[in-house]
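Just the heavy atoms: all of them, side chains too, but no hydrogens, waters or symmetry mates, feed the values below. Proteins get letters first, then strands, A, B, ... in listed order; numbering begins at 1 in each.
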2 protein chains.
Amino acid sequence: MATAEEGGSGTGTLGKAMDVLETVALADRPMRFTDVLAVSGQPRGTLHRQLSHLVQEGLLELRPDHAYVPGLRLLKLASASWARNEFRAVAAPFLDVLHRETGETVHLGVLRGREIIYLDKVESRQAVRMNSQVGNASPAYCTGVGKAALSVLDSEALEAVLKVTEFRRFTPQTITGRTQLLAELGEIRRSGIAFDREEHEPGIRCVAAPVFDAKRSLVAGVSVTGPAYRVGQTELDDWAPRVRQAAGAIMAELAARLGPQR
Amino acid sequence: MATAEEGGSGTGTLGKAMDVLETVALADRPMRFTDVLAVSGQPRGTLHRQLSHLVQEGLLELRPDHAYVPGLRLLKLASASWARNEFRAVAAPFLDVLHRETGETVHLGVLRGREIIYLDKVESRQAVRMNSQVGNASPAYCTGVGKAALSVLDSEALEAVLKVTEFRRFTPQTITGRTQLLAELGEIRRSGIAFDREEHEPGIRCVAAPVFDAKRSLVAGVSVTGPAYRVGQTELDDWAPRVRQAAGAIMAELAARLGPQR
DNA sequence: AACTCAGTTCCAAATAATGGAATTTATTCG
DNA sequence: CGAATAAATTCCATTATTTGGAACTGAGTT
């Protein structure tokens, strides 16, 4: 039985199907049968049936050229997921305030395992266009929101995340070791503020604060992000109190709105 | 074997799991175990395991108050699906043009069964906010984009859609019968233009044109939408040629970009 | 025309899902 | 507060589905 190979541990058929779906949906180009076969480690017959089922369910699409691409049903499901997310709804007005105060892009992200999933984003100009950022997953250890979120985990939960974190260097500033990350998290715990100084994307800086509920069943963060040419440490320090305040206000509202009845 | 009861026909375990997921994810409020039990028609033990697996996979979340809500993994998957959708990418610049020409909201929607799934939207003012519309599913028979899409189906494909369409009256203008719809589709085929005169939402009018590829493997539509107080038949007629032109341009680009290699 | 490679189908064996009933845990009411 | 009721969860022999090796098909190539 050994240790779990991937997501599909304990969830039987569904887990295996989701592994295949994720492989195809998160690939950066359409995959053909053989491409999937190579990474999935499943026998031909099995994989073929799994892919057929995923296509029949509308989770994948099989193009005439035999390439598998993500299906439209994913969009439909996610749209409902986003539209009725209570946390997002509670936070939205505070994100707007923060955006108005700083004039820069504001993000809301939730911790899911070792990743931050962006739930919302408020930015200034530009034609409205469904933001490629919403729903995006980034590693927690090298983003402002991610580090803020990690800083409020208890040691057990943090350990669980660290165990599955692979430190990859995205920029010269990326944190690349456990020790370095732990030191920084200590600093964040003291100040209540996390910075991302071009650690994930070159030229992008950010200041973030953690948002969480009493039982740490929700661990998230808010951030203000901007391009390095416009945003220096001065600006980040300047915004820090406002970000912390927004985070606090969201938590207060969460406690009031979701606390009582749950 | 009788006729299929729901999505889960022929896809075994996955289909059943997706039925449960969709029930919960598309409900308009959090459902508890018993709520799901009532609609799913599954035995207690079976449903419980299905829900557990969905939770373990991150497709659903189980809140402390025993309510099931859509999980974050859906967002992550859909984000990738949207970001790398070739059709959307091809159409985007033409939607922008259409928006600039009309000043009103522009939609791009794809036909999936009896539904239109909105893939993109361009609108004017308002703080950028992930559009609740993107990923939204609306019935095809009562929306501009939907009727435009239906008008280009061959009789066999159209019949298949009609067979599963339930005519529901959303407004006084909603089309409520097969005959009425067929007559209107005939008109749309002649003119190449579909109107929605407050048929889906009161106070909302729209003009749409079909977009499709040679083999009808992709059937979609573009539309310009506006509030009735600002948009009368005059405006709709005025925009019709531009909408048709945008649709044509998208099809030409599709043929050029996707035709050769597929 | 023979060959190769990608994709698809087949079916006995292995595995996971099923579902009725019992058990535990929450919630309501006196 | 404690009993009564409802909800959620666990159990396990039976049953249905998945599995996976191998054989088959067909498109593209030399």
Side-chain angles (χ1 to χ4, degrees), chain A residues 1-2 4-21 23-24 27 29-57 59-69 215 217 258-262, chain B residues 1-2 4-24 27 29-57 59-69 215 217 259-262:
Chain A
M1 209 142 285
E5 311 179 4
E6 245 238 77
S9 61
T11 55
T13 307
L14 178 63
K16 292 168 200 162
M18 291 304 300
D19 284 351
V20 173
L21 175 58
T23 299
V24 176
R29 63 200 173 72
M31 295 180 90
R32 308 201 26 180
F33 182 82
T34 320
D35 303 324
V36 189
L37 186 63
V39 281
S40 77
Q42 300 274 27
R44 302 176 100 74
T46 300
L47 180 64
H48 188 262
R49 181 182 34 76
Q50 289 169 333
L51 285 169
S52 300
H53 284 178
L54 288 167
V55 169
Q56 278 182 63
E57 286 297 324
L59 300 171
L60 288 180
E61 227 171 277
L62 179 53
R63 303 191 316 195
D65 67 344
H66 294 253
Y68 291 93
V69 291
K215 283 168 184 157
S217 60
L258 306 180
Q261 59 275 47
R262 289 213 200 165
Chain B
M1 208 143 287
E5 311 177 5
E6 246 238 78
S9 61
T11 56
T13 307
L14 178 64
K16 293 168 200 162
M18 290 304 298
D19 283 351
V20 173
L21 174 59
E22 190 149 311
T23 299
V24 177
R29 64 200 171 70
M31 295 180 91
R32 307 194 34 174
F33 181 83
T34 321
D35 303 324
V36 188
L37 185 64
V39 283
S40 77
Q42 300 273 29
R44 305 178 93 72
T46 301
L47 179 63
H48 189 263
R49 182 182 32 75
Q50 289 169 333
L51 286 168
S52 301
H53 284 178
L54 289 167
V55 169
Q56 278 181 65
E57 286 296 326
L59 300 171
L60 289 180
E61 228 171 276
L62 178 54
R63 302 191 313 195
D65 68 345
H66 295 255
Y68 291 92
V69 292
K215 284 170 184 156
S217 60
Q261 59 274 50
R262 288 211 201 168

Could you go through B:T13 and A:L14, starting from their C-alpha distance and side-chain angles, then the distance that decides it, and tell me whether this counts as side-chain contact (heavy atoms from CB on, under 4.5 Å)? CA-CA 7 Å; B:T13 307; A:L14 178 63; 5.8 Å; no

Length of the [atom1]-[atom2] vector between [X] and [N], whole Å:
{"X": "B:L54", "N": "C:dA17", "atom1": "CG", "atom2": "P", "value": "12 Å"}
{"X": "A:M18", "N": "D:dT18", "atom1": "CE", "atom2": "P", "value": "16 Å"}
{"X": "B:Q42", "N": "D:dA8", "atom1": "CD", "atom2": "P", "value": "17 Å"}
{"X": "B:Q56", "N": "C:dA17", "atom1": "CD", "atom2": "C1'", "value": "15 Å"}
{"X": "B:L47", "N": "C:dA21", "atom1": "CG", "atom2": "P", "value": "18 Å"}

Just distance, no hydrogens or angles: give the donor-acceptor pairs under 3.5 Å from side chains in residues 30-44 of chain A, sequence neighbours left out.
| unit_1 | atom_1 | unit_2 | atom_2 | d |
| --- | --- | --- | --- | --- |
| A:D35 | OD2 | A:R32 | N | 2.8 |
| A:S40 | OG | A:V36 | O | 3.3 |
| A:S40 | OG | A:Q42 | N | 3.1 |

Between A:H53 and B:T11, the two heavy atoms sitting closest are ND1-O, 3.5 Å

Which heavy atom of B:Y68 sits nearest a heavy atom of B:V24, and at what distance? O-CG1, 3.7 Å

Among the candidates D:dT17, D:dT19, D:dT18, find the nucleotide nearest to the side-chain atoms of A:H53. D:dT18

Dump the intermediate steps for side-chain contact (heavy atoms from CB on, under 4.5 Å) on A:M18 and A:L21, then the final yes or no. CA-CA 5 Å; A:M18 291 304 300; A:L21 175 58; 3.9 Å; yes

For nucleotides 7-9 of chain C, print each protein N/O atom paired with a nucleotide N/O atom at under 3.5 Å, atom names and distance only.
| unit_1 | atom_1 | unit_2 | atom_2 | d |
| --- | --- | --- | --- | --- |
| C:dG7 | OP1 | A:R32 | NE | 3.0 |
| C:dG7 | OP1 | A:R32 | NH2 | 3.1 |
| C:dG7 | OP2 | A:T34 | N | 2.9 |
| C:dG7 | OP2 | A:T34 | OG1 | 2.4 |
| C:dG7 | N7 | A:R44 | NH2 | 3.4 |
| C:dT8 | OP2 | A:H48 | NE2 | 3.0 |
| C:dT8 | O5' | A:H48 | NE2 | 3.2 |

Can you tell me if B:Q50 touches the phosphate of C:dT18, counting only side-chain N or O atoms and a distance under 4.0 Å to OP1 or OP2? yes

Phosphate OP1/OP2 of C:dT15 contacted by A:T13 side-chain N/O (<4.0 Å): no

Within the 4.5 Å heavy-atom criterion, are A:K16 and A:T46 side-chain neighbours or not? no

